[in-house]
Enquirer: 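Below is the structure I would like to discuss, written out as structure tokens.
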Amino acid sequence: MYSQNDKDMAKEKLYRSVNGEYLYLFNWIGGGFNDVWAPSKREAYAKVMRERRESAKKYPTHVKLTPDYKSMRKCTYSEYQAQNRMGWMMSM
């Protein structure tokens with residue numbers, strides 16, 4: 001059985017930027033999560049991998065995170081806010 005909140009979220013539009021890009025939520029392999037703006041899932045993954053490579057060059061001793069491609073998904077604004085709330089709760 002679905003709650004009223006589930007029904008409201010089903011009607012909510014996907015979160016898009018003024019440039020028309022979608023906000024993709026994703027998990028890191030081994031734990032954690034993040035988000036990235038991109039026009040498609042493929043470009044979202046490529047963008048995260050580019051940023052990861054740049055970060056690895058700049059900070060060679062830091063942990064090297066790998067995004068889980070299968071976890072990448074477009075989100076609504078409510079889903080984005082829910083993920084951020086969860087992240088804040090886990091960090092306290």
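Treat the numbers as computed from the prediction; the structure is a model and nothing was measured.
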Enquirer: Listed by chain and number, what are the ring pair (Phe, Tyr, Trp, His ring centres under 6.0 Å) partners of Tyr22, not counting sequence neighbours?
Expert: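 In terms of ring pair (Phe, Tyr, Trp, His ring centres under 6.0 Å), with neighbours along the sequence ignored, Tyr22 is linked to no residue.
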Enquirer: Examine Lys41 relative to Tyr24 and say whether NZ or CZ is less than 6.0 Å from the centre of the six-membered ring and inside a 45° cone about the ring axis.
Expert: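 No, cation not above the ring by the 6.0 Å, 45° rule.
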Enquirer: Using the test salt bridge (charged side-chain N to carboxylate O under 4.0 Å, His left out), find all partners of Arg50 that sit at least two apart in sequence or belong to another chain.
Expert: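 For Arg50, the residues satisfying salt bridge (charged side-chain N to carboxylate O under 4.0 Å, His left out) (neighbours in sequence not counted) are Glu43.
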Enquirer: Yes or no on side-chain contact (heavy atoms from CB on, under 4.5 Å) for Phe26 and Asn34, after CA distance, side-chain angles and deciding distance?
Expert: CA-CA 6 Å; Phe26 65 93; Asn34 211 328; 3.5 Å; yes
Enquirer: Just verifying a value: how many Å separate Arg53 CZ and Ser55 OG, rounded to the nearest 0.5 Å?
Expert: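 Rounded to the nearest 0.5 Å, the CZ-OG separation comes to 12.0 Å.
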Enquirer: Are Lys70 and Ile29 packed together at the side-chain level, in the sense that at least one heavy-atom pair is separated by less than 4.5 angstrom?
Expert: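 Result no, sub-4.5 Å side-chain heavy-atom pair not found.
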Enquirer: So how far is it from Met49 CE to Lys47 NZ, rounded to the nearest 0.5 Å?
Expert: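 Going from CE on Met49 over to NZ on Lys47, the span is 15.0 Å.
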Enquirer: Between Lys11 and Thr76, does the side-chain contact (heavy atoms from CB on, under 4.5 Å) criterion hold? Intermediate values first, please.
Expert: CA-CA 10 Å; Lys11 295 177 189 175; Thr76 64; over 6 Å; no
Enquirer: For residues Val48 and Trp28, determine if any side-chain heavy atom of one lies less than 4.5 Å from a side-chain heavy atom of the other.
Expert: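 Of all side-chain heavy-atom pairs linking Trp28 with Val48, at least one is under 4.5 Å.
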Enquirer: Checking the side chain of Glu12 only, and the main-chain atoms of Ser78 only, is there a donor and an acceptor separated by less than 3.5 Å?
Expert: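 Pair found, side chain donor or acceptor close to backbone of Ser78.
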Enquirer: Nearest 0.5 Å please: distance from the CZ atom of Arg42 over to the OH atom of Tyr69.
Expert: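 Taking CZ in Arg42 and OH in Tyr69, the distance rounds to 6.0 Å.
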Enquirer: Distance from Lys74 atom NZ to Leu14 atom CG, nearest 0.5 Å?
Expert: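 Taking NZ in Lys74 and CG in Leu14, the distance rounds to 6.0 Å.
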Enquirer: Check the hydrophobic clustering (I, L, V, M, F, W, Y; side-chain heavy atoms under 4.5 Å; chains of links allowed) and say if Leu23 and Tyr45 are grouped together.
Expert: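 No, separate clusters.
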Enquirer: Would you call the rings of Tyr77 and Tyr80 parallel, tilted or perpendicular, taking 30° and 60° as the class edges?
Expert: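 Answer is tilted, since the angle falls between 30° and 60°.
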Enquirer: Would the distance check show the side chain of Arg52 and the main-chain N or O of Lys64 forming a donor-acceptor pair, the cut-off being under 3.5 Å?
Expert: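 Looks like no, no N/O pair under 3.5 Å.
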